[in-house]
Amino acid sequence: MDGGKFFGAFRACSGISDAVVLNHVPVGCSWGAGMFKTVSNQPDIRHACTVMHEREIVFGGENALKEALVRADRLYDASLLLVVAGDVPSIIGDDIEAVINSVSLKKDVVWVDAAGFQGTMRQGYESALLSLADLMKECDRIQKSVNLIGLCQDDYKAEADIKEIKRLLNGAGISVNCVISDCTSRELERAPAAELNVVIGQGYDLARHMQKEHGVPFIEVGYPYGLAGTKEFVDSICQHMDMGYDLEKDLNTEPFRKVYLNLSELYGTPVSVIGDFHAKSLADFLDRELGFEIEVLSSVEGDPDQFEQDVKGSNTTMLFGSSFEQKIARDLKIPLLRFSYPVFDQVCIYDEAPYAGIRGAVCLTEAIINAIMGFGDKLENLTMV
Amino acid sequence: MQLVQESKYVSEEDDSELRGILRNRTLTGVYQSATWQYHRYGINCKLSGSVYAASEIEGAVPLLHGPAGCAFHHRLTPMKIYAPIYDLPSTNLDENDVIYGGENKLREKINEVYQKFHPSLIVLLPTCISGLIGDDISGLCQDIRPDLPCDLVHVASEGFAHRSRESLDGLMEDTAKSWKTSRPPDYDLRGCGQEEVILSLVNQLMEEQDVVENLVNIETFGRFRYGSRKDLQEIKRIFGEMGIVVNMTIPSCTVEEIKRAPAAKLNIVTRNRKAAKRMNEKFGTDYYRKWASHYGMEGIESFFLEVASKFDLDGVAEEVIKREKDKALEDLSKYRRIFGQHDFAVSTQGFFFTPYFARIFVQDLGLPIKYFCVNTQLLRSMNTSEKTIGSMMKNLEDLFADWDFRFEMVVNPTANEMSEIAKKVDYMLSDRIMPFLCKNDSENRMMDISAISNLLFRTSFTGIVEFARHFAESLDNRHKGRMRQPIISRFAYDQINYPLIEDPRCSASRVMWQDMWSLKSAAGGD
């Protein structure tokens, strides 16, 4: 199930860690987007909303937006305000641009048109990044540096994954200039300094824009899950930057050796995977490196009912998805490994336990084996055949 | 299908009430605590209240008429964030529908939902979007009902019509008055989303019935609320002894039970007074409002006697209640002796229940209380006006004087002041988890009763006895010399809004919410 354009825009904007996100919506929309975001970072509450109410429906929401802008400008110690306008102002026709221009504020303001009914979460993300591109400035190129585009702060394991990806790229002599969108406004401003934009799953529109406006080329890569996936990720970047680096020497299979009997038993396990752009890369890892059989692979933008039907009609014995897949897993009495947004029934706070990269391949394998071994009451879940 | 099965957190076999509470506190509280604190920065959508109430009805499926994002988000309803509503179909309105209307899509979706779930009832929940584009939901329902093999109701669940700041302010103002009159407040909370569902059930689903003289309906606040099953069990038991039978509990019931609700002579309601009034108009069903004043020995007694009086069962009820109450008082006497050997401070949040909470400690449990600390930050976070908070505190003080409670009332002590107060007594009880805010000696005197105080918010004499038993054991088991250094005590906390962490971004977001909601005062919401 897709969260719609508003959620995508909110996620992109709230990734600018020193900005304040002002949602121009009824309070419930702001509540929902914020609730999913704060599961694994509870004090990171720097969003507010204009609380659109019946009065705004009748008379328009421009005054509420003006009031909120003035207050946010005064109350927050931040240099940037990001206004995300949702479904209601779009339908009632609020002129957001005019309101922003009508008030004198100390902070910079960028706004995103993000009516949920106008598109998918991914489209909201792309649209927000394009709006944020207005903040970018021309700057001197930093050799052997890249921007990572497509990530969200509230992706499960994001913090640990980014740390691991940076470690791997640093090992190859490449620095990460900016992670979009998990960066400060200053980092975003200086994003055009990178030699290359690395688009991971989403953010293509921004990359194309930056190529046109700032001359930064881009490549599209899969999410670096597994040893092979990680090698491909690093190789693609190195090749594009003409850097001779072979990750093969850093691959350590010793942790996998410790559980080789489990891995051999799990070879051929039929599984299903659903998620955003992470899903395809994860399925590749499960298939190519663990030898699992991928029964159903689906995107969150697809029909959730069809996915459920397909999974229930398959031999799936383990499910990979978001917290929302718990019901299918429960119905089928099979374990669920959460890896895709939204994950709201588990927290991830340790930034040394990624799912991405070489270390991530180990953590992911460990999590899969543990999810299976620790799953419920074995006798209760066994099928008498 | 929604919630036909009991949650994994509720064990029918688990008869220990206290263990059940502590188990729920661990397994569901880990989710809920963050959600409740998140209310400091906003309120959830009205629609989520409606989704929640609809999900409580056995055999019903809520159907959202709105964009995909609403269904995505509302699968997590704050009332039970630990149990997502996975089956939440939606019409997934897009730009085309916003321009040309979503009625055709809705018509198709209703049939599709029936084919997929074969529910007894579809609860149609419009969103802001369908409300704004002006789809004729009522007309469509009327049109489609004859051909639909299940029941269909629609609810006024559009999110933008949520409650205004004045809504809660009015309720709290009435509450402050009710403390003095001992009558439940005559005020409704509009826009929580739940009430709208119940009202729709009355208007669109309930059927005329022959009234059975000893039947009563009870409004529940959800089957997964702490202790609701035990509370209901106890009410049913005592009603049974008085000759009153519970017809149904709304909304935690089947669709057929809702239809037969008018067979009851009386509705016992807590929050949905508007629906009760409507049932009274439509079916002649009388209603009785259960309120915070019905907590504690005196409150429980008056609840049962007043309900019995509605059935002309005064004599038998007095006999039953005297027996129950005498037994509880006898059981309590040994604990009262133990409590009498110490002195206490109590810290609580200013809310509906505050005077009755104090009355339980002083009158029922016999605690010698030196300080009674009331924190009004919860009220402030819900944008109750300073004027209303002022009159609540004034009435509270007057009430305590009338009741001859000789403790010192302390309003809004800071975390440090709480520490100092804790040093002046043997024990400080708090209905919030806050021992970690205090250091060493103060921490050892601080007792977190946030979970077990649920035993006191019951219509149950035995709940008070169970609380006393556990509390007496806790006093015995205190390790006065222990030196803990919990990790959570290493953070700086907001001195006023504890247990929120001190963070300028959080503080600004909290103030933003309060300011923006305050601006809605003149919005016309009740």
Side-chain angles (χ1 to χ4, degrees), chain A residues 1-7 20 22 25-36 38-39 42-57 64 67-68 71-72 75-78 86-88 90-92 115-121 305 323-324 326-328 342 344-345, chain B residues 31 34-35 37-38 41-48 66-76 78 81-82 84 86-87 89-90 93-95 97-98 116 128-129 131-133 159-162 164 500-501 503-513 515-517 519-520 522-525:
Chain A
M1 175 167 279
D2 188 76
K5 196 173 174 187
F6 172 73
F7 264 71
V20 173
L22 180 59
V25 287
V27 64
C29 307
S30 186
W31 163 281
M35 185 175 61
F36 283 104
T38 56
V39 173
Q42 290 153 12
D44 185 25
I45 296 181
R46 51 189 164 79
H47 59 271
C49 87
T50 53
V51 195
M52 297 191 82
H53 197 258
E54 285 164 332
R55 184 173 51 176
E56 281 71 35
I57 304 303
E67 296 277 3
R71 280 171 171 75
L75 286 167
Y76 286 99
D77 180 18
D87 301 62
V88 172
S90 170
I91 294 177
I92 63 176
F117 61 81
Q118 281 177 338
T120 61
M121 189 150 61
D305 293 341
S323 297
F324 282 139
Q326 180 62 34
K327 177 172 180 287
I328 307 177
F344 47 77
D345 51 2
Chain B
Y31 295 93
T35 313
Q37 292 307 329
Y38 195 53
Y41 312 102
I43 52 173
N44 50 288
C45 184
K46 175 182 168 186
L47 182 59
S48 65
C70 292
F72 178 87
H73 151 197
H74 289 296
R75 287 165 128 197
L76 271 194
I81 208 148
Y82 48 87
Y86 296 106
D87 290 329
S90 161
L93 296 179
D94 57 23
E95 198 157 17
D97 306 312
V98 169
K116 181 174 180 190
C128 294
I129 307 310
L132 280 173
I133 62 177
F160 53 72
H162 63 77
S164 70
L500 291 187
I501 217 159
D503 185 304
R505 297 170 307 179
C506 293
S507 303
S509 297
R510 198 170 39 71
V511 176
M512 269 297 286
W513 158 239
D515 276 11
M516 291 311 296
W517 203 21
L519 291 176
K520 308 299 150 187

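These values consider heavy atoms only, across backbone and side chains, with no hydrogens, waters or symmetry-generated copies. A note on names: the letters A, B, ... follow the listed sequences, proteins ahead of strands, and every chain is numbered from 1. Here the structure is a predicted model, which means the values were calculated and not measured.
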*Asks:* Picking from Arg510(B), Lys116(B), Gln37(B), Glu95(B), which has the most non-hydrogen pairs under 4.5 angstrom with chain A?
*Replies:*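 The option with the most such pairs is Glu95(B).
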*Asks:* Under 4.5 Å from any heavy atom of chain B, what part of Leu22(A) do you find: side chain, backbone, both or neither?
*Replies:*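 Just the side chain, heavy atoms under 4.5 Å.
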*Asks:* For each of Pro43(A), Ala64(A), Gly116(A), tally heavy-atom pairs with chain B at distances under 4.5 Å, and name the one with the top tally.
*Replies:* Pro43(A)
*Asks:* Please list, chain by chain and in numerical order, all residues satisfying ring-ring contact (aromatic ring centres under 6.0 Å, His included) with Phe6(A), sequence neighbours excluded.
*Replies:* none
*Asks:* So what's closer than 4.5 Å to chain A heavy atoms on Pro504(B): side chain, backbone, both or neither?
*Replies:* neither
*Asks:* Relative to chain A, which segment of Ser507(B) carries a heavy atom at a distance below 4.5 Å: side chain, backbone, both, or neither?
*Replies:*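 Neither the backbone nor the side chain of Ser507(B) comes within 4.5 Å of chain A.
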*Asks:* Of the backbone (N, CA, C, O) and the side chain (C-beta and beyond), which part of Leu76(B) lies under 4.5 Å from a heavy atom of chain A, both, or neither?
*Replies:*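 Contact with chain A involves both backbone and side-chain atoms of Leu76(B).
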*Asks:* Under the criterion ring pair (Phe, Tyr, Trp, His ring centres under 6.0 Å), I'd like the reasoning laid out for Tyr31(B) against Phe344(A): C-alpha separation, chi angles, the key distance, then a yes or no.
*Replies:* CA-CA 9 Å; Tyr31(B) 295 93; Phe344(A) 47 77; 8.0 Å; no
*Asks:* Side chain, backbone, both or neither: which part of Glu56(A) has a non-hydrogen atom closer than 4.5 Å to chain B?
*Replies:*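 Only the side chain of Glu56(A) comes within 4.5 Å of chain B.
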*Asks:* Side chain from CB out, backbone as N, CA, C, O: work out which of these in Asp345(A) comes under 4.5 Å of a heavy atom of chain B, or both, or neither.
*Replies:*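 Interface part for Asp345(A): both.
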*Asks:* NE2 of His47(A) to CZ of Arg505(B): how many Å apart, nearest 0.5 Å?
*Replies:*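 Those atoms lie 11.5 Å apart.
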*Asks:* Give the member of Ile129(B), Ile501(B), Ile133(B), Leu93(B) that has the highest number of heavy-atom pairs under 4.5 Å with chain A.
*Replies:* Ile129(B)
*Asks:* So which part of Ala78(A) gets closer than 4.5 Å to some heavy atom of chain B, the side chain, the backbone, both or neither?
*Replies:*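 Interface part for Ala78(A): neither.
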*Asks:* How long is the gap from CZ on Phe7(A) to NE2 on His73(B), to the nearest 0.5 Å?
*Replies:* 6.0 Å
*Asks:* Roughly how far, to the nearest 0.5 Å, is the CG atom of Leu519(B) from the NE2 atom of His53(A)?
*Replies:*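 Going from NE2 on His53(A) over to CG on Leu519(B), the span is 12.0 Å.
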*Asks:* Select one option (side chain, backbone, both, neither) describing which atoms of Ser323(A) are under 4.5 Å from chain B's heavy atoms.
*Replies:* backbone
*Asks:* Is the side chain of Tyr38(B) donor-acceptor paired with the backbone N or O of Met35(A) at a distance under 3.5 Å, no angle test?
*Replies:*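 Looks like yes, one N/O pair under 3.5 Å.
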*Asks:* Any side-chain heavy atom of Ser509(B) within less than 4.5 Å of one from Tyr76(A)?
*Replies:* yes
*Asks:* Which region of Cys128(B), side chain (C-beta onward) or backbone (N, CA, C, O), has a non-hydrogen atom less than 4.5 Å from a non-hydrogen atom of chain A, or is it both or neither?
*Replies:*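 Cys128(B) touches chain A through side-chain heavy atoms alone.
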*Asks:* What residues form a ring-ring contact (aromatic ring centres under 6.0 Å, His included) with Tyr41(B), not counting sequence neighbours?
*Replies:*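 Expected list: none.
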*Asks:* Looking at Cys506(B), Pro67(B), Ala508(B), which makes the most heavy-atom pairs under 4.5 Å with chain A?
*Replies:* Ala508(B)
*Asks:* In terms of heavy-atom pairs under 4.5 Å with chain B, which of Gly4(A), Ala68(A), Cys29(A) leads?
*Replies:* Ala68(A)
*Asks:* Which heavy atom of Phe72(B) sits nearest to which heavy atom of Phe324(A), and what is that distance?
*Replies:* O-CZ, 3.3 Å
*Asks:* Should Met516(B) and Val27(A) count as side-chain neighbours, where that means a heavy-atom distance under 4.5 Å?
*Replies:* no
*Asks:* Under 4.5 Å heavy-atom distance to chain B, tell me which part of Met1(A) shows up: side chain, backbone, both or neither.
*Replies:*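 Backbone plus side chain of Met1(A), per the 4.5 Å heavy-atom cut-off to chain B.
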*Asks:* Relative to chain B, which segment of Phe36(A) carries a heavy atom at a distance below 4.5 Å: side chain, backbone, both, or neither?
*Replies:* side chain
*Asks:* Indicate yes or no: at least one non-hydrogen side-chain atom of Thr35(B) is less than 4.5 angstrom from one of Trp31(A).
*Replies:*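 With C-beta onward as the side chain, the pair touches.
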*Asks:* For the interface with chain A, which of Leu132(B), Asp97(B), Leu500(B), Asp503(B) has the highest count of heavy-atom pairs at distances below 4.5 Å?
*Replies:* Leu132(B)
